[in-house]
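The block underneath contains the structure these notes are about, expressed in structure tokens.
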There are 2 protein chains.
Amino acid sequence: MVPYIDDMPRFTHPRLEDVPLDLALHALADSNRLTMVARLAATERLSCTDAAPCDAIPKSTLSNHLKLLRAAGLIETTQAGREMINTLRRAEFDRRFPGLLDAVLANRSA
Amino acid sequence: MVPYIDDMPRFTHPRLEDVPLDLALHALADSNRLTMVARLAATERLSCTDAAPCDAIPKSTLSNHLKLLRAAGLIETTQAGREMINTLRRAEFDRRFPGLLDAVLANRSA
DNA sequence: TTTAATAGTTCGGCATTATTGAACTATCGA
DNA sequence: TCGATAGTTCAATAATGCCGAACTATTAAA
């Protein structure tokens with residue numbers, strides 16, 4: 001009934017200090033999610049479908065991957081119209097786990 | 001019947017170039033395995049029980065964790081008497097995934 | 001202002017993966 | 001040879017992951 005205010009995040013995002021290392025690694029330990037993170041690292045703001053690693057992946061699976069990335073403190077999602085806009089929480093993540101994301105991204109598909 | 005020759009590895013170890021990044025990350029994405037890897041990074045050669053993160057963990061679980069680390073190219077296991085000796089495949093892993101293990105270990109329990 | 005289309009989320013069932021007790025194998029020491 | 005040690009393997013249960021189907025919210029068109 002009450003409509004969403006545009007900037008009001010519909011999702012809960014953890015504080016980075018509450019994210020354990022193994023959770024962060026788990027979120028990155030999947031080639032589809034890795035691709036999504038790499039895209040977000042390159043593109044700043046992406047809707048869920050645009051962040052998808054390919055179009056073969058079902059919507060529900062995609063939604064689940066993004067939920068996991070959110071829980072790991074890797075992305076922030078806010079609603080804008082009917083799209084959900086995702087951005088990498090790069091600075092915060094790097095502050096929490098210095099050098100980790102760089103190392104992972106540098107080794108992607110190597 | 002045929003006894004094990006001491007230096008003959010009883011286990012199969014992958015070539016590092018055959019280990020995909022997500023498998024390596026998956027192996028590291030567990031706090032027990034992270035502890036084991038950190039111990040091996042500090043101690044060079046450890047039996048399975050000595051590599052264990054704590055003594056509460058069942059033998060079969062421990063064995064399974066080590067199998068996973070082996071499959072990810074992180075450790076090498078050889079038999080010596082009735083013990084299995086585990087060592088980190090540090091140089092090889094670093095050559096395959098430069099900076100990754102360093103970044104992970106540096107961020108452990110931070 | 002219905003109606004339809006779009007962009008997702010959530011739910012529930014099936015499949016895969018993890019954990020662990022129990023039984024087994026191999027080696028060493030007495 | 002007997003017992004203890006250091007593991008592995010197996011099988012059953014528990015926990016996770018994947019995805020189709022149904023649902024919600026927003027926008028656009030009629």
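Quick note on labels: first sequence line is chain A, next is B, and so on, each numbered from 1.
- A 4.5 Å side-chain heavy-atom check between A/Arg33 and A/Leu69 finds at least one atom pair inside the cut-off.
- DNA chain C lies under 4.0 Å from at least one heavy atom of each of the following residues of residues 22-34 of chain B: B/His26.
- Candidate nucleotides D/dT8, C/dT9, D/dA25 were compared by shortest atom distance to the side chain of A/Arg70, and C/dT9 ranks first.
- B/Ser63 comes within contact range of at least one nucleobase, with a heavy-atom separation under 4.0 Å.
- When each of C/dG21, D/dC18, D/dG7 is scored by its nearest atom to the side-chain atoms of A/His65, the top-ranked nucleotide is D/dC18.
- Salt bridge present: A/Arg90 and A/Asp102 bring a charged side-chain N and a carboxylate O closer than 4.0 Å.
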Does the pair B/Arg89 and B/Glu92 meet the rule for a salt bridge (Lys or Arg N to Asp or Glu O under 4.0 Å), with working shown? CA-CA 6 Å; B/Arg89 299 176 66 183; B/Glu92 293 170 279; 3.0 Å; yes
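- Screening A/Thr77, A/Asp50, A/Thr43 against A/Asn86 for a side-chain hydrogen bond (donor to acceptor under 3.5 Å, both in side chains) leaves a single residue, A/Thr77.
- Looking at A/Leu74, A/Leu68, A/Leu23 one by one, the single match for side chain to side chain contact (heavy atoms under 4.5 Å, CB included) with A/Leu28 turns out to be A/Leu74.
- Between A/Arg82 and A/Asn64, the one whose closest nucleotide on DNA chain C sits nearer the 5' end is A/Arg82.
- Listed nucleotides: C/dT9, D/dG7, C/dA26. Nearest to the side chain of B/Ser47: D/dG7.
- To the nearest angstrom, P of C/dT19 lies 8 Å from CD1 of B/Ile57.
- If you take CD of A/Gln79 and P of C/dT6, they are 18 Å apart, rounded to a whole angstrom.
- Annotation: the span from A/Phe11 atom CZ to A/Lys67 atom NZ amounts to 9.5 Å, rounded to 0.5 Å.
- Nearest nucleotide to the B/Pro58 side chain, out of D/dC18, C/dT19, C/dG21: C/dG21.
- With hydrogens and angles ignored, a donor-acceptor pair under 3.5 angstrom links the side chain of B/Ser60 to the base of C/dG21.
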